[in-house]
Structures are given as C-alpha cells and as structure tokens.
Amino acid sequence: MRRSGLLTAVFALAVGIVGIAVAFGASPGAAQPQPRAHVYLLRGLLKIFSLGMDSLAEELKGRDVDATVHGYSEWQTLADQAAADYKARKEAPIILIGHSLGADSVMEMAAYLGRKGVPVALVVPFDGTKSFEVSNNVARVLNLTHSGTYFSMRGGPGFHGTLATVDVSSDPTIDHINIDKSPRLHERVVAEVLAVVGNHKSAPVKNRNGADARTAKPATLPEQGGSRQNADNHAPPPPKPPAGTQPLHTEDIQN
C-alpha cells in the first residue's frame, strides 16, 4: 500500500513537471533549434585596410546571414570558439572569408578546424600572400587572386571538395589593396554564401557530433563547369593532380 502511494506521488510529480514545461512553451519532444550559418571575415594588416570585409559583412547581414569581422591575428581564438559552437549544435555551416594576411589566416583557420574534426563549407581568400594546400575538411574554395599564378592554391592530401580560382590580374582597376572592395567580386561571393546557406536549410542536419571531418558529406555548390565532386555520392574521388599542375578549376571574370 505504501509502495502504491509512492508510485502515485512520483507519477503526479512527473505530470506536474510536464504541465509546467507546456505552460512555459516547452512542449515534450519539441524540435531543437537548428544551428545557424556563421561567416567569419578577416581583415589584413592593421585596421585601415581590408575595409571591403566590413562592407561585405553588411551585405551578408542584409541577407539574414550572421557575419562578423575580425583581425587576421585572431584566427586561432575564433577557430576554438567556432569548433565549440559547432559541436554544441549552435553553428553550421562555417564559412571563412579573408583579405591579404586575412586570406592567409582563413586558410590556416580551415586547416586548424579540420584537426579538430570540424568541416568548413566555404573558404574565400581575397588575394592571399602565400601558397596553400586546401585541407580535406573543406567543401569548397573560391580563390580570388590578383597575383596570377605567383601564389598557388591546390588540394591537399584527401581533399575531395571543389577549388575555383578567379584571376583578375588582367583588370587594371583591381589591385591588391582594393580587390576586397570590388562590387562584382562581392556579388559572386554573396551568391556563393547564399548557395551554401540555402543548401544547408533545405537538407537535414548531419554529423553534428564532432566526428572526424574527413567523414563528413557536405553538399557541393552549383558550379559553372570545371571539376566537381558531389560528396554525397559513392563514386571514387578523382585522382589528385601531380605537383606543379594547375588547380582543379580555373575561371576568369571578364572585364
């Protein structure tokens, strides 16, 4: 009899807790908030250059995309926070954009996130100052360069994403200082970001448990020709190009 009364009391308490949750709008089995895309934009030297990163961030915010601007030297602190937010299901997909030294930093940030098992959906370096191999956790790189082939960008070991290089060195109105402010490059970048965000919203969230990013299957972006591999299929990856060859895909924006 005493045991029966105890069970009745426990049941009544459970019903009461559920009732309180419903009263405050937390219905049982309610869907958890989905992680939100975050675009990190990194400036180059000092705070008086790379202001195109600020205006690009405002354009993205106007499209309801979270975008924050930082100094290039902050990349590791940002990466640690991004990794924590990703694994807590607060943030995804992750998009990295940078100019000059900031372009170098977003490539390093992407590789660092890969070592933490975090995928990066899109990286956009505006005229970086070094050559890089793209880490295998990156789904897509849009390399915007005024340096021609002086600094190379190519897929690193295990990279199965897409890499597009847009060389604007033939445009006399664009140089290293102002490439980050080019309206037509901004238009291209905004379109790429919105494609990533749109694909993310239309597909179920996957692999949010911090698993190794090399096993992630990020959706590929629409691309104008060139080489592309859809990471959701099971076809074998294309062979890695030998050292010294051209990047996977090269585009030119006409003047």
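Atom set for the values below is all heavy atoms of this structure, side chains included, hydrogens, waters and symmetry mates excluded. Please read these numbers as outputs of a predicted model, since none were measured by experiment.
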When you look at Gln81 and Asp85, which way does the side chain to side chain donor-acceptor pair (under 3.5 Å) test go after all the steps?
CA-CA 6 Å; Gln81 185 60 57; Asp85 288 343; 3.0 Å; yes
Common cluster, Val124/Ile177, ILVMFWY with side-chain heavy-atom separation under 4.5 Å:
no
Hydrophobic cluster identity match, Leu194 and Leu142, side-chain contacts under 4.5 Å:
yes
Measure from the side-chain N and O atoms of Ser50 to the backbone N and O of Gly44, and report whether any donor-acceptor pair falls under 3.5 Å.
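Yes.
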Gap between atom [atom2] of [Y] and atom [atom1] of [X] - 0.5 Å precision:
{"X": "Phe132", "Y": "Ser152", "atom1": "CZ", "atom2": "OG", "result": "10.0 Å"}
{"X": "Asp64", "Y": "Arg36", "atom1": "CG", "atom2": "CZ", "result": "4.5 Å"}
{"X": "Glu108", "Y": "Leu96", "atom1": "CD", "atom2": "CG", "result": "12.0 Å"}
{"X": "Leu113", "Y": "Gln76", "atom1": "CG", "atom2": "CD", "result": "10.5 Å"}

Flag yes if more than 12 heavy atoms outside Lys90 fall under 6.0 Å of its NZ atom; otherwise flag no.
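Check fails, neighbour count at 12 or below.
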For Lys61, I'd like to know if atom NZ has over 12 heavy atoms of other residues, nucleotides or ligands within 6.0 Å.
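For Lys61, atom NZ is crowded (more than 12 foreign heavy atoms under 6.0 Å).
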Thr145 pairs by side-chain contact (heavy atoms from CB on, under 4.5 Å) with which of Ile179, Val168, Val166, Thr165?
Thr165
From the list Val189, Leu56, Val193, Val196, side-chain contact (heavy atoms from CB on, under 4.5 Å) partner of Val39 resolves to Val193
Aromatic centroids of Trp75 and Tyr40 separated by under 6.0 Å
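Between Trp75 and Tyr40, which both carry aromatic rings, the centre distance is not below 6.0 Å.
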